[in-house]
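The structure appears right after this line, and notes come after that.
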Amino acid sequence: MIRIDAVTKRYPDGTVAVDRLSLEIPDRAITVLVGPSGCGKTTTLRMINRMVEPTEGSILLDGQDIRQQPVNTLRRSMGYVIQNAGLFPHRTIVDNIATVPRLLGSSRRQARARAAELMERVGLDTALAGRYPYQLSGGQQQRVGVARALAADPPVLLMDEPFSAVDPVVRKQLQDELLRIQEELGKTIVFVTHDIDEAIKLGTRVAVLRTGGRLAQYAPPAELLSA
Ligand code: ADP
Ligand code: ADP
């Protein structure tokens, strides 16, 4: 379990992005952070993998303060998916995915086999393996981003508006596939979106943040109060 304990983030210019946030994020479920632009969702997500350090408070992973382990070990346990996939533009699809197993010590052949397996897992035709990111649609690029995030088989996936830049029909497909992947692989997913419908569809639990970085509600979707 990830436990966010009374965390505040104040940026050097004085902006309070997150204000005394406490949240228990259960294992093997999808926890959605939702709220308007600027309410501190991305900052919260980035504190979980230490791209941003809290000003106050602490974050625990399975009971241990995340500052107690090397940052690389922490990040290896957390796949990270962002809005425009963040693919390496000069590498093919298979190499974008295979980079991760290669970094972890797999042979080139093993890494490519793993990449092909992951392409199938996320619903990508393996015939696309030799293409470059710009030759793929936005939805396909997001699938590659998800495949790459899964490549090290991390228990946790951090997803920051991963489907916001694709059209509604493709977005729905990607949402359905994320639900399927979560069920099959049992990942702990923290998912950021500004779209309340997406939050309700995907979330096992939904944390509603409001401007100023305060937690307004934290509940299963069926129990959210409309306000
Ligand atoms: P969200 O993901 O909900 O849109 P963010 O976490 O990106 O919110 O931002 C929360 C607040 O912190 C916003 O007011 C934003 O402008 C501010 N902010 C984000 N990053 C920085 C930064 N590096 N320096 C100063 N302010 C920042
Ligand atoms: P390179 O040095 O080869 O450009 P990077 O260090 O940028 O590679 O990234 C290597 C892998 O780690 C990529 O799959 C990338 O998505 C992932 N990664 C990079 N930064 C983070 C992060 N903060 N959290 C989780 N994964 C990350």
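Only a predicted model underlies this, so the values are computations on that prediction, with no experimental measurement involved. Counting starts at 1 for both ligands and their atoms, following the listed order. Values reported hereafter were calculated over all heavy atoms of this structure, with side chains retained and with hydrogens, waters and symmetry mates removed.
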Heteroatom proximity flag, Gly38 to ligand 1, N/O under 3.5 Å: yes
Side chain to side chain donor-acceptor pair (under 3.5 Å) with Asp65: of Gln69, Arg67, Gln68, only one passes, and it is Arg67
What protein heavy atom is closest to atom 8 (O) of ligand 1, reported as residue, atom name and distance in Å? Gly40 N, 3.1 Å
Counting only N and O atoms by type, is there a donor-acceptor contact under 3.5 Å from the side chain of Gln142 to the main-chain atoms of Leu174? no
Does the protein put a heavy atom under 4.0 Å from atom 5 (P) of ligand 1? yes
List every atom of ligand 1 that sits less than 4.0 Å from any heavy atom of Ser37, numbering the atoms from 1 in the order shown and giving each element. 4 (O)
Counting non-hydrogen protein atoms only, what is the nearest one to atom 19 (C) of ligand 1? Give residue, atom name and distance. Tyr11 CE1, 3.4 Å
Going by a strict under-4.0 Å cutoff (protein heavy atoms only), does atom 13 (C) of ligand 1 have a neighbour on the protein? yes
What protein heavy atom is closest to atom 7 (O) of ligand 1, reported as residue, atom name and distance in Å? Thr42 CB, 3.7 Å
Considering only protein heavy atoms, which is closest to atom 17 (C) of ligand 1, and at what distance to one decimal place? Thr15 CG2, 3.8 Å
If we set the cut-off at 4.0 Å for heavy atoms, which region of Val18 has an atom near ligand 1: side chain, backbone, both, or neither? neither
Side chains of Arg3 and Ser58 in contact at under 4.5 Å (non-hydrogen atoms): no
Is there a donor-acceptor pair under 3.5 Å between the side chain of Thr31 and the backbone N or O of Val190? no
Residues passing the salt bridge (Lys or Arg N to Asp or Glu O under 4.0 Å) test with Asp19, sequence neighbours excluded, are Arg214
Answer with side chain, backbone, both or neither: which part of Pro12 has a heavy atom less than 4.0 angstrom from an atom of ligand 1? neither
So is Pro36 in contact with ligand 1, going by heavy-atom distances below 4.0 Å? yes
Check for me whether the distance between the ring centres of Phe88 and Tyr132 falls short of 6.0 Å. no
Among Arg180, Lys172, Gln173, find the one that has a side chain to side chain donor-acceptor pair (under 3.5 Å) with Asp176. Lys172
Could you check whether any side-chain heavy atom of Arg114 comes within less than 4.5 Å of a side-chain heavy atom of Pro101, counting everything from C-beta outward? yes
Side chains of Met119 and Ile93, heavy atoms from C-beta outward: is any pair under 4.5 Å? yes
Mind checking whether Thr43 contacts ligand 1 via backbone (N, CA, C, O), side chain (CB onward), both or neither, at a 4.0 Å heavy-atom cut-off? both
Note: ligand 1 atoms sitting under 4.0 Å from heavy atoms of Cys39 are 1 (P), 3 (O), 8 (O)
